[in-house]
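Single-structure report; data block below.
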Amino acid sequence: MSNSRHLGIAVAQMGPVHLNDSRAAVVKRLVEMLNEAASRGAKLVVFPELALTTFFPRYWMTEEEAVERFFERSMPNKDVQPLFDAAKARGVGFYLGYAELTPSGERFNTSILVDANANIIGKYRKIHLPGHSDHKVDAPFQHLEKKFFEVGDVGIPVFEAFDTRVGMCLCNDRRWPETWRVMSLQSAEVGVLGYNTPSVNIHWNEPVHLRMSTHLVSLQASAYQNAMWIAAAAKCGSEDGHHMIGGSVIVAPTGEIVARAISEDDEVIVTSADLSWVENFRNHVFNFAKHRRPEHYKIIVERTGAGEPLPIPKI
Ligand code: CDT
């Protein structure tokens with residue numbers, strides 16, 4: 001491409017974090033991966049959702065107990081400071097997911113965007129919370145995101161950073177086309193996310209292989225239809241016997257996977273993302289200003305659940 005603009009993007013996939021692993025031990029792993037990513041040319045490193053702890057929504061407990069064990073009251077805090085120090089020392093930024101307790105006591109499933117000077121320049125709070133809030137005593141494990149977290153209250157913002165525009169989301173958000181369209185309508189060129197996807201779906205007898213294929217098809221279709229780079233970081237493998245899928249990827253605006261993790265462990269994948277591919281598609285097939293017809297999409301914001309067909313116009 002003649003006008004190529006490159007950004008080194010790394011995805012730092014994490015293997016399991018067990019209940020008894022300390023924050024300090026987890027952050028040490030993150031620092032090691034950040035250093036590797038920097039050595040391999042990355043300027044932005046994507047870590048998983050709820051990266052500092054085990055995927056605790058699988059356990060039934062009170063909200064107070066969850067807060068005490070798994071939420072962060074400030075960011076950066078003492079345990080996480082080494083990651084910020086390493087980012088500054090290496091001149092790279094990062095995306096990190098964690099459980100946020102606000103000063104007024106609200107609980108969010110949150111991600112932050114941190115620049116190469118270790119300043120927090122963006123925050124996102126997860127909107128599409130999956131799972132349930134009741135105790136499913138017959139299920140092999142719980143998925144209590146609806147109990148432990150409130151629906152995010154900051155929309156889907158896009159941040160000017162890394163000489164581009166970056167949008168953030170978290171895990172289940174990636175399955176919803178609205179997430180990516182809201183980013184691309186703000187001219188985001190890069191979308192980043194972390195995820196914890198259990199291999200077993202407790203809600204219905206979903207064939208196990210679909211967990212990986214629906215993950216990948218969501219990211220590939222969204223990257224292409226919105227002409228964006230997407231970088232997705234798993235926390236995966238068996239956390240105290242509870243398995244989660246790997247499959248961390250970097251997807252180009254062509255919809256093609258250009259880098260993919262092969263393990264279910266800590267693993268860094270890197271690509272030099274040519275941002276001009278965004279323009280190639282946005283100037284042509286996905287020239288939104290020229291081709292979108294929002295007057296025919298009103299139902300998308302007028303309805304939440306599916307209902308009756310709209311009246312058919314007389315022609
Ligand atoms: N963490 C997260 O959002 N996980 C969901 C599981 C959905 S099944 C209840 C995901 O979309 O991967």
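Whatever order the structure lists ligands and atoms in, that order sets their numbers, starting from 1. Numbers here are sequence positions counted from 1.
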So salt bridge (charged side-chain N to carboxylate O under 4.0 Å, His left out) across residues 282-309, not counting sequence neighbours, yields none

Between Lys136 and Asp138, is there a side-chain N and carboxylate O pair less than 4.0 Å apart?
no

Using heavy atoms and a strict 4.0 Å limit, residues surrounding ligand 1 turn out to be Glu49, Phe55, Lys126, Pro130, His143, Glu145, Cys171, Asn172, Arg174, Arg175, Asn196, Thr197, His203, Arg211

Quick note, salt bridge (charged side-chain N to carboxylate O under 4.0 Å, His left out) partners involving residues 156-177, not counting sequence neighbours, are Glu160-Arg165

Taking atom types as modelled, find out whether Asp85 and Gln81 have a side-chain donor-acceptor pair closer than 3.5 angstrom. yes

The complete set of salt bridge (charged side-chain N to carboxylate O under 4.0 Å, His left out) pairs with one or both residues in residues 4-26, sequence neighbours excluded, reads Arg5-Glu189, Arg5-Glu279, Arg23-Glu72

Are the aromatic ring centres of Tyr59 and Phe141 under 6.0 angstrom apart? no

